[in-house]
Structure formats: structure tokens, C-alpha cells
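Below is one structure, written out as C-alpha cells; the observations come after it.
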Amino acid sequence: MEEGKKIDTIDTDKLEEVAGGHGQFEDREDGYTEYWFVCSYCLGYKELIQVIPPNATMTYEGTFVCPKCGWKQNFKLIARNGEIRADSWAPGSR
């Protein structure tokens, strides 16, 4: 084992993005929720996908494509009775 080898650390805000949490929810003060997508390949691009009103009923799906590097990820966003959930997967994996 090598002595004195430096171990790189990662900021906890970035850890969620790298660990596969591609979609991110952000609650606004007015009760609305924003759904953002972060490129998991280059981490250099973040895009607002949808603004969800309180108690909305909706299903929204599509494919996120990073304009910087071309990375793609499918997503599905579901809001029902005040609960919101999202799922994402690589194109062709389902």
C-alpha cells in the first residue's frame, strides 16, 4: 500500500448528482416545485424541466439531452394528490 497518497473528496452537493440523482426537485416559497435535470456526464449543465403547481395532477415524460456533451437520459415525472415522483433511465435500457 502506498504511503501518503492523497484521497480526493467530493462536495456533498455534487455527490447526489454523481450518484445517479439526475433529476432534482427544488421547492419554491410560493408552494410550486421545480424539477431540474443535471447532466451526469459533464455536470456542467442544469436545465429546468417542469414547474409543478401545488396539488397538481400530471404525467410528463421525455428525454433530456445535454447541449454541451450530448449525454441523454429518459425521464418520467408524475404528480398526484400533492405527491411528486420522478424516474429516469438510460435510453434503450428498458
Side-chain angles (χ1 to χ4, degrees):
M1 186 161 133
E2 293 181 43
E3 294 286 332
K5 187 172 183 177
K6 183 178 184 261
I7 298 173
D8 291 330
T9 59
I10 189 166
D11 184 273
T12 53
D13 292 336
K14 292 290 182 195
L15 184 61
E16 182 179 341
E17 297 167 5
V18 174
H22 310 298
Q24 297 179 342
F25 291 109
E26 293 184 14
D27 293 327
R28 296 186 345 191
E29 290 181 16
D30 62 1
Y32 285 69
T33 302
E34 296 177 347
Y35 180 64
W36 291 80
F37 222 86
V38 177
C39 177
S40 290
Y41 185 76
C42 70
L43 295 177
Y45 184 77
K46 183 176 178 180
E47 181 176 314
L48 178 62
I49 301 296
Q50 187 71 34
V51 177
I52 307 152
N55 298 314
T57 298
M58 61 172 285
T59 301
Y60 184 74
E61 57 186 299
T63 302
F64 169 82
V65 180
C66 179
K68 289 181 73 177
C69 70
W71 180 80
K72 295 179 183 178
Q73 190 80 353
N74 294 330
F75 66 87
K76 185 172 189 177
L77 178 64
I78 301 171
R80 299 272 186 275
N81 302 322
E83 292 186 24
I84 305 168
R85 70 181 175 90
D87 187 22
S88 64
W89 62 94
S93 65
R94 288 188 175 182

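- Residues passing the ring-ring contact (aromatic ring centres under 6.0 Å, His included) test with Phe25 are Tyr35, sequence neighbours excluded.
- Linking ILVMFWY residues whenever their side-chain heavy atoms come closer than 4.5 Å, directly or via other members, leaves Trp89 and Trp71 in distinct clusters.
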Candidate pair Phe64 and Ser88, rule side-chain contact (heavy atoms from CB on, under 4.5 Å), full reasoning:
CA-CA 10 Å; Phe64 169 82; Ser88 64; over 6 Å; no
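- Separating the CG atom in Asn55 from the CD atom in Glu83 is a distance of 10.5 Å, to the nearest 0.5 Å.
- The nearest pair of heavy atoms linking Leu77 to Ala86 is CD1-CB, 4.0 Å.
- Phe37 is not connected to Val65 by any chain of hydrophobic side-chain contacts under 4.5 Å among Ile, Leu, Val, Met, Phe, Trp and Tyr, and they are in different clusters.
- Among all heavy-atom pairs drawn from Gln73 and Pro91, the shortest one is CA-CD, 4.1 Å.
- A continuous path of ILVMFWY side-chain contacts below 4.5 Å connects Met58 to Ile84, so both sit in one hydrophobic cluster.
- Arg80 pairs by the salt bridge (Lys or Arg N to Asp or Glu O under 4.0 Å) definition with nothing, not counting sequence neighbours.
- In terms of heavy-atom proximity, Lys68 sits nearest to Cys42 at CB-SG, 4.4 Å.
- Residue Tyr41 comes nearest to Cys69 through the heavy atom pair CD2-SG, 3.7 Å, listed as atom of the first residue, atom of the second, then distance.
- How far CG of Asp27 is from CG of Asp30: 10.0 Å, rounded to the nearest 0.5 Å.
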Decide side-chain contact (heavy atoms from CB on, under 4.5 Å) for Ile49 and Tyr60; before the verdict, give the C-alpha distance in whole Å, the side-chain angles of both, and the deciding distance to 0.1 Å.
CA-CA 10 Å; Ile49 301 296; Tyr60 184 74; 3.6 Å; yes
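- For the side-chain hydrogen bond (donor to acceptor under 3.5 Å, both in side chains) test, residues two or more places apart in sequence or in another chain that qualify with Thr63 are Asn74.
- For Gly31 against Pro54, the heavy-atom pair with the smallest separation is O-CG, 3.4 Å.
- For the atom pair Lys76 NZ and Arg85 CZ, the distance stands at 7.5 Å (nearest 0.5 Å).
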